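Below is one structure, written out as C-alpha cells; the observations come after it.
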Amino acid sequence: MLFLKEIKYRKWNFLLGVLGMITAVAVVVFFIVMTKASQNETRLLTRAMGFNLRIIPDSTDMNKFWINGYSNLTMPQKYVKELVDKKAFYYAHLTATLHHRITWQGLDVVLTGISPDELNPKGKKKTKMIFAVPPGKVMVGYEVARAAEIKRGAKINILGKQYTVQRTLTETGTENDIRIYFDLSDLQHLLHREGTISEIMALNCMCSAQGDDPLGDLRKQLQADLPKTQVIMNRTIAVAREKQRKMMDNYFAVLLPVLLIISAIWMGTLAMINVMQRKQEIGILRALGFGNRHIAGLFLSRVVSLGILGALFGFVAGTWLALHYGPEVFKVSAHSVKPLYNLLYWSFLLAPLFATLASLIPIIYAISREPADMLKEE
Amino acid sequence: MTIETRKVTKIFWQGKKEVVALNGVDLVVRTGSFVLVKGPSGCGKSTLLFTLGGMLVPSSGTVTVEGHSLYRMTEQERNGYRATHIGFVFQSYHLLPYLTVLENMLISRQLHNKMVTREKAIELAASLHIDHRLHHKPSGLSAGEKQRAALARAFITQPEILFADEPTGNLDPVNAKEVIDHLVRYHKNGKTVIMVTHGNEADDVADTILSMENGQIIHTTPLNSTS
C-alpha cells in the first residue's frame with residue numbers, strides 16, 4: 001500500500017493532521033455530551049421548580065383564583081385524555097387535580113386530590129414530578145401537620161370520613177404547606193364531584209415555541225382543542241427553563257462553526273504542505289503514467305485514514321473529557337453524563353468527509369498541474 | 001517510434017512577462033536514434049524533452065508519435081502512452097523516498113503493467129550493479145547508485161523512447177561514464193534515447209546533436225548514423 005508507506009515516511013505531518021482531527025472530533029463530542037448533560041441538569045433543576053402550566057375552566061374568576069390559589073369551578077376529568085389524544089401542545093408531565101378549601105380543626109386547609117396517573121408523551125418514560133397518594137390515605141402539608149400535631153400513621157377524620165396519614169410533608173415555604181393531599185378519586189367521592197377536576201397541571205418545555213409569544217400560541221392551540229379551558233403560565237419557571245436550554249444550544253451554535261473552520265484551515269494547510277513536499281513525487285508518478293484518479297486516490301486514502309483515526313481517538317478523548325469534567329459541572333445530573341455511542345458512528349462518517357473537504361483544494365492543485373510543472377526544481 | 005514536431009511553441013508567463021521557452025521547433029527523431037540536446041541553461045532543452053514526452057502541453061504546434069498527435073489524445077490515453085512507451089531519467093533521480101530501490105522499480109506494477117515482475121527487477125538490478133541495494137531506501141544510496149536505481153525504474157518497462165534530462169549532472173566522472181554506458185547498452189537494443197546534457201561525455205555514442213538557443217534548434221549535427 002503506497003499511501004501507508006508515505007504516511008510512515010512523513011509521519012509527523014500525518015500525526016499533526018490526526019491531532020487536528022482528534023481535536024475537532026473531541027471538542028464536538030465533548031460539547032454534545034455536555035449539552036445533553038446540561039439539558040438533563042436544566043430539566044431536573046427546573047422540574048424541581050414545579051409545573052409551569054395550569055389549565056383551568058375558562059369561566060374562572062381570576063381574581064378569586066389568585067386569592068384562593070385554585071379555581072372554584074370544575075371541568076370534566078376526560079379533558080385530560082382529550083388533551084393527550086389531540087396532542088395540543090408539547091408537555092412532559094400532565095396531572096389532573098381537584099382543590100377545595102375547608103376549615104378543619106380551626107385551620108384553613110386546602111384539600112387537594114391528585115390523579116395517580118401522571119401522563120407523559122407516548123413512548124417516553126419519565127420520573128414522576130408529583131407523588132401519588134394511595135386510596136384511603138392522605139399526605140399532610142407541613143403547616144397543617146405542625147398546627148394539628150399530626151404524625152405519620154395517625155387516623156384523621158375529614159368531612160366525616162376517616163383517613164390514615166401516609167406521610168407528613170417537609171416544609172416547602174409555599175401554599176402546599178397548608179394542603180392535605182388525597183387520591184383524586186377519594187376526594188371526588190368525598191366532595192361528591194365524581195368525574196370532575198379543578199385544573200390540569202403540566203410541565204411544558206416550550207420546545208416548539210417559534211415566535212415571541214409562546215403563551216399566545218399555546219392559548220390558540222388550546223382554544224381549538226379544549227375551548228372551555230384557559231391556560232396560565234408561570235413565566236418565571238418557563239422562561240428560566242427555556243433560557244437555560246437555549247444557552248447551551250447557543251454556545252454550541254457559535255463554537256462549532258469557529259472550531260470547524262479552524263480545524264479545516266489546519267488540515268487544509270497540512271494537506272497543502274504535504275502536496276508541496278510531494279510535488280516531484282507527483283510529477284514522477286505522472287511521468288510513469290499514473291493518472292489523476294491514481295494520484296487523487298493516494299491523497300484521499302491519506303486524508304480518509306487521518307479522518308478515521310481522528311474520529312476514533314477524538315471520540316474517545318471527547319467522551320473521556322466529558323465523563324471527567326461533566327460530573328464536576330453538573331452536580332444534580334452527574335450520573336446522567338454518559339457516553340453517546342451513536343456519536344462514534346457519526347464521527348466515523350463525518351470526520352473522513354470533513355478531512356476530505358478540508359484537503360480538497362490541495363488535492364485539486366496536485367492533479368490539475370501539468371506533470372512537467374511538478375517536476376521543476378524549486 | 002518516430003517522434004515529429006511541427007512549429008512547436010511553448011510560452012510561460014512569469015507574472016505579466018511572456019517567456020518563450022520553445023519557439024517554432026521542427027524536429028524529427030527516428031526510431032533507434034540516440035539524440036543529444038545541448039545548449040546554455042534556459043534555452044528550452046528540458047521544455048523540449050517534457051513536450052516530446054507528453055508531459056507539457058505546447059502553446060501551439062503539434063507533436064506526433066508514429067503519426068498520432070500526442071496532445072490530441074485524451075489524458076488517459078496520454079497516461080497510457082507514457083506508461084508503456086516512454087521512460088524518464090532525471091538529474092535529481094526523483095526516486096520515491098519512502099520506497100526501497102526494489103519497490104521503486106516495481107512501482108509501475110500499480111498500473112497493472114504485466115511486464116514488470118519481481119524477477120525481472122532483480123535481474124535488471126544485477127545488470128546495473130545495484131542488486132546489493134535492492135532493499136535500501138534512496139536516502140541510504142550514493143549519487144551513482146541513485147541514478148542507477150532511477151535507470152532501473154525507467155528500463156524495467158522496456159520503453160521505446162527514453163528521455164534523460166541531464167542524467168549525469170550530479171555525478172562524478174566515473175559514475176557519469178557508467179550511466180552513459182548503461183544508456184548506450186539500452187540504445188543498442190533498438191531503443192530511442194533523447195538526452196539533455198551540458199557535457200561531452202556522450203558525444204562519441206550519439207548519432208545526432210541538437211544545439212538549442214532561445215527556444216530554437218539552431219543546429220543539427222549528425223554524428224554516427226545507426227539507422
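Fair warning: this is a prediction, and the values are worked out from it, not measured in the lab. Numbers restart at 1 for each chain; the letters A, B, ... are given by sequence-line order, proteins then strands.
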Worksheet item: So with a 6.0 Å cut-off around CZ of R10(A), is the heavy-atom count from everything else above 12?
Response: yes
Discussion item. Looking at L349(A), I'd like to know if its CG atom is crowded, meaning that more than 12 non-hydrogen atoms belonging to other residues, nucleotides or ligands lie closer than 6.0 Å.
Written reply: yes
Would you give me the side-chain donor-acceptor pairs under 3.5 Å for residues 302-322 of chain A, sequence neighbours excluded?
{"from": "R302(A)", "atom 1": "NE", "to": "E6(A)", "atom 2": "OE1", "distance (Å)": "2.8"}
{"from": "R302(A)", "atom 1": "NH1", "to": "N13(A)", "atom 2": "OD1", "distance (Å)": "3.3"}
{"from": "R302(A)", "atom 1": "NH2", "to": "N13(A)", "atom 2": "OD1", "distance (Å)": "3.4"}
{"from": "S305(A)", "atom 1": "OG", "to": "S301(A)", "atom 2": "O", "distance (Å)": "2.5"}
{"from": "T319(A)", "atom 1": "OG1", "to": "F315(A)", "atom 2": "O", "distance (Å)": "2.7"}

Practice prompt. Let me know if F12(B) has heavy atoms under 4.5 Å from chain A in its side chain, its backbone, both or neither.
Written response: side chain
Worksheet item: Is any side-chain heavy atom of P97(B) closer than 4.5 Å to a side-chain heavy atom of Q280(A)?
Response: no
Discussion item. Tell me the closest heavy-atom pair linking I284(A) and F90(B), and the distance in Å.
Written reply: CD1-CE1, 3.1 Å
Discussion item. Among L56(B), T84(B), T51(B), which residue has the highest count of heavy-atom pairs closer than 4.5 Å to chain A?
Written reply: L56(B)
Discussion item. Just so I understand: if I count every heavy-atom pair under 4.5 Å between each of I107(B), I86(B), L95(B), L49(B) and chain A, which residue has the most?
Written reply: I107(B)
Worksheet, complete the sentence: All heavy atoms of S108(B) vs all of L288(A), minimum pair found to be OG-CD2, 4.3 Å
Discussion item. Would you say that more than 12 heavy atoms from the other residues, nucleotides or ligands in this model lie under 6.0 Å from the CD of E66(B), or not?
Written reply: yes
Discussion item. Within the supplied structure, the quantity of interest is the number of heavy atoms (other residues, nucleotides, ligands) at a distance under 6.0 Å from D172(B) CG; does it exceed 12?
Written reply: yes
Discussion item. Counting only non-hydrogen atoms closer than 4.5 Å, does L96(B) touch chain A with its backbone (N, CA, C, O), its side chain (CB onward), both, or neither?
Written reply: side chain
Discussion item. I want to check something: taking the side chain as every heavy atom from C-beta on, are F88(B) and L375(A) in contact at a cut-off of under 4.5 Å?
Written reply: no
Item to complete: Evaluate the side-chain proximity of L99(B) to L2(A): yes if any heavy-atom separation is below 4.5 Å, no if none is.
Response: yes
Item to complete: Please check if the side chain of R82(B) supplies one atom and the backbone of R286(A) the other of a donor-acceptor pair under 3.5 Å.
Response: yes
Discussion item. What I'd like to find out is whether the side chain of F50(B) reaches to under 4.5 Å of the side chain of E370(A), using heavy atoms alone.
Written reply: no
Discussion item. Can you tell me which portion of Q110(B) sits under 4.5 Å from chain A's heavy atoms? Options are side chain, backbone, both or neither.
Written reply: both
Worksheet item: Does some side-chain heavy atom of H294(A) sit less than 4.5 Å from a side-chain heavy atom of N79(B)?
Response: no
Worksheet item: Does a sphere of radius 6.0 Å around CD in E77(B) hold more than 12 heavy atoms from other residues, nucleotides or ligands, not counting ones at 6.0 Å or beyond?
Response: yes
Fill in: Heavy atoms of other groups near K38(B) NZ, more than 12 under 6.0 Å
yes
Practice prompt. Can you measure from NE2 (H94(B)) to CE (M374(A)) and round to the nearest 0.5 angstrom?
Written response: 11.5 Å
Discussion item. I'd like to know whether CD of Q14(B) has more than 12 heavy-atom contacts from other residues, nucleotides or ligands below 6.0 angstrom.
Written reply: no
Item to complete: Please look at Y81(B) and chain A and tell me whether the side chain, the backbone, both or neither of the residue comes under 4.5 angstrom of a heavy atom of that chain.
Response: neither
